Amino acid sequence: QVQLVESGGGLVQAGGSLRLSCAASGRTFSSYVMGWFRQAPGKEREFVARIGRSGSTTNYADSVKGRFTISRDNGKNTVYLQMNSLKPEDTAVYYCAASSTFTARDLLYNDWGQGTQVTVSS
């Protein structure tokens, strides 16, 4: 089991940028695939990005491809989500999660953070 704490959310104007961080503690961070998900009000939780254990493999939802970048620093037990060219439709609570499988399916992520709010104004 790994404990996850997100930070870096906030209010930003459309076109702006934010960098989310997710600090992990507990068992060996580098043994986990890490993912970012988001949930907007009244909508289901959706996959945003995932990164393999070494950081060399990444995958993105089509809606964020080319604008968001996921990365990790295993020495700091932290995964990041750099979000550029933000749009109002990116407004959501963003969650990081840990899995033993390189997957976009949220049900296969066993450990979740508490979430951080991102609000993009038009």
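All figures in this text were calculated on a predicted structure; none of them were measured in a lab.
Evaluation of the side-chain contact (heavy atoms from CB on, under 4.5 Å) rule for Q114 yields V5, E6 as partners, not counting sequence neighbours. Partners of V12 under the side-chain contact (heavy atoms from CB on, under 4.5 Å) rule, at least two apart in sequence or in another chain, are L18, L86, V120. With sequence neighbours left out, D106 forms a side-chain contact (heavy atoms from CB on, under 4.5 Å) with F37, R45, W112.
Under the 6.0 Å distance and 45° angle rule, R50 counts as a cation-pi partner of F102.
Residues Y94 and Q39 have side chains not in contact (no heavy-atom distance under 4.5 Å, counting atoms from C-beta outward). With a 4.5 Å cut-off on side-chain heavy atoms, L11 and Q117 do not count as touching. A heavy-atom distance below 4.5 Å is found between the side chains of I70 and V79. Using a 4.5 Å cut-off on side-chain heavy atoms (C-beta onward), Q82 and S17 make contact.
The shortest non-hydrogen separation linking A98 to L4 is N-CD1, 3.9 Å. Of all heavy-atom pairs between A61 and F47, the closest is CB-O, 3.4 Å. Between T78 and A23, the shortest heavy-atom distance links the atoms OG1-CA, 4.2 Å. Closest heavy-atom contact between R72 and Y32: NH1-O, 2.8 Å. Considering all non-hydrogen atoms of both residues, P88 and A14 come closest at CD-CB, 4.1 Å.
One finds the OG atom of S100 at 8.0 Å from the CG atom of L108 (value rounded to the nearest 0.5 Å). Note that CD1 of I51 and OG1 of T69 are 10.0 Å apart. Values are rounded to the nearest 0.5 Å. Distance check, rounded to the nearest 0.5 Å: CG of N77 to OG of S25 gives 8.0 Å.
Each of V93, V118, V64 was evaluated against R38; a single residue qualifies, V64, per the side chain to side chain contact (heavy atoms under 4.5 Å, CB included) test.
Hydrophobic clustering keeps M34 apart from Y109 (ILVMFWY residues linked when any side-chain heavy atoms are closer than 4.5 Å, directly or through intermediates). In the hydrophobic clustering of this structure, L81 does not group with Y95; members are Ile, Leu, Val, Met, Phe, Trp, Tyr whose side-chain heavy atoms approach within less than 4.5 Å, directly or through other members. Each of Y60 and V33 belongs to its own hydrophobic cluster when Ile, Leu, Val, Met, Phe, Trp and Tyr are linked at side-chain heavy-atom distances under 4.5 angstrom. In the hydrophobic cluster analysis, where Ile, Leu, Val, Met, Phe, Trp and Tyr join through side-chain heavy atoms closer than 4.5 angstrom, F68 is grouped together with L20.
Of the N and O atoms on the side chains of R67 and N84, not one donor lies less than 3.5 Å from an acceptor on the other residue. Between T28 and S30, the side chains place no donor N or O within less than 3.5 Å of an acceptor N or O (distance only, hydrogens not considered).
In this structure, K65 places its NZ atom where more than 12 heavy-atom neighbours from other residues, nucleotides or ligands lie under 6.0 Å away.
In terms of modelled atom types and a separation under 3.5 Å, the side chain of T101 and the main chain of T103 share no donor-acceptor contact.
Using a cut-off of 4.0 Å between Lys/Arg side-chain N and Asp/Glu carboxylate O, K87 and D90 are scored as not salt-bridged.
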